[in-house]
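For the single chain, residues carry numbers from 1 onward in sequence order. No hydrogens, no waters, no symmetry mates; every other heavy atom, side chains included, goes into these values. For ligands, and for the atoms within them, numbers begin at 1 and follow the listed sequence.
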Amino acid sequence: MLDRAYFENLDAEDPLATTVARFLLPDGVVYLDGNSLGPLPAHVPAVVDDVVRQQWGKDLITSWNRHDWWTLTSRIGERIAPLIGAPPGSVIAGDTTTLSIYKAVAAALGLAPGRSVVLTDVGNFPTDLYALGSVTRQYGRHLAMAEPGEVVGSIGPDTAVVCLTHVDYRTGRRHDMAAVTEEAHRAGAVMVWDLCHSAGAMELDMTDVDLAVGCGYKYLNGGPGAPAFIYVNPRHHAAIENPIGGWWGHADPFAMEPAFTPAPGIVRLQVGTQPILSLAALDAALDIFEGVDPAALRAKSELLTGDFITLVGERLEGFEVATPRDARQRGSHVSLSHPQAPAIMAALIAGGVIGDVRPPNLLRFGFAPAFQRHVDVWDAVEAISAVMAEERWRTVTLPAGPVT
Ligand SMILES: *Cc1c(COP(=O)(O)O)cnc(C)c1O
């Protein structure tokens, strides 16, 4: 049986302890939602304050050059690249994940002429499905949705693009990236991965992947609405076409030419002016990962999620673990199903343990290795146990909006 001392010990020996100490979290809060909105690193407010007061306030428009606002998206891309196992010059920050999915898949279609199908899985995040619906309708292709376990078997000679989210936002189930990518390529299809629930929580390898996108505000801690990122394998840089022409993707934006000439390399995936304040926050937040080995993040994540699953088995009744028990098949969050999920989560949040719910009946607990303490695992299960024993979920007031 695990006890709190076991978790305190793990924290005392945590190789990422100095990273954990760089975050600001309110006292008394056990934050298990870093997979949805990463918390605030302590040094970020001062950086953003300087960008607002000095760069914007005093240096005004000269900041585009003086503070190199122009290349911020590329510089952030260079910092994200090692976190996702991508080479220099292949990643750029900007836009949203949804827009990036649209751009990536439309661009990927150009690499697979004559093929009619974009394949995804039915469990994919709805905004990805909506964006894929737009691309396929507008480009005269068909969107096919397979069960997650049947994606590989559904790839065929008509498949132009396979687009999947690596880690399922609901269950935490993880696709085998290397195996699916290999099968897609064997069939002549282009592989696009959504790394929203992966980047910043585990080691990744983009060597064979064609395109990828990901989120800046989840495990990368860039703040609410932080810009996303997009990766294109260098072997496609010369051929790839951005579906949305814009001056930030132009080879020479200030030539102000009427004709569009794409910039060389990943820069051509840009569209228009990007949010410098949000980029500045994301850039500063990425300091957290300087010198941090993604493999160390993954090792800690496996421990956190594995211990949580073990403790749930030892201490709780009436909850089903909806996340794969085999660590190789899961990401960095664990979902429990229970018929009273929304009320139980509302009671937990009222008591300072913050997770979220996903319909119809999943309680979701994120374990973000960069800031999580191992005792959070113990304290969360204690709190769930108390909410059930005291039946607090029966009397809690559900929030008016979704239990995010
Ligand atoms: C979080 C998330 C998104 C969010 O997309 P936005 O455009 O930032 O709203 C998209 N896809 C997946 C898989 C996500 O997890």
*Step through the shown structure and confirm whether more than 12 heavy atoms of other residues, nucleotides or ligands are within 6.0 Å of CD on E317.*
no
*Verify the neighbour count for atom CD of E203: are there more than 12 heavy atoms of other residues, nucleotides or ligands below 6.0 Å?*
yes
*Would you kindly specify which portion of F125 sits under 4.0 Å from ligand 1, judged on non-hydrogen atoms: side chain, backbone, both or neither?*
side chain
Go through ligand 1 atom by atom and flag the ones less than 4.0 Å from a non-hydrogen atom of [X].
X	answer
D194	11 (N), 12 (C), 13 (C)
T96	7 (O)
H197	15 (O)
Y217	1 (C), 4 (C), 5 (O), 6 (P), 8 (O), 9 (O)

*Can you check whether T127 has an N/O within less than 3.5 Å of an N/O in ligand 1?*
no
*Hey, does T165 come in under 3.5 Å of ligand 1, counting only N/O atoms on both sides?*
no
_Exercise: do R358 and S335 side chains pair donor with acceptor under 3.5 Å_ = no
*Could R315 and W378 be counted as a cation-pi pair, given that NZ or CZ must be under 6.0 Å from the ring centre and within 45° of the axis?*
yes
*Provide the closest heavy-atom pair for E147 versus D121 in the form atom of the first, atom of the second, distance.*
C-CB, 4.4 Å
*In terms of residue, atom name and distance, what is the protein heavy atom nearest to atom 3 (C) of ligand 1?*
K218 NZ, 3.6 Å
*Shortest protein heavy-atom distance from atom 7 (O) of ligand 1, along with the residue and atom involved*: T98 OG1, 2.5 Å
*Taking the minimum heavy-atom distance to atom 10 (C) of ligand 1, which of L195, D128, L164 ranks first?*
D128
*M202 vs E302 side-chain heavy atoms within contact, under 4.5 Å*: no
*Run the salt bridge (charged side-chain N to carboxylate O under 4.0 Å, His left out) check on R328 and D176 step by step: do they pass?*
CA-CA 8 Å; R328 289 165 303 182; D176 182 337; over 6 Å; no
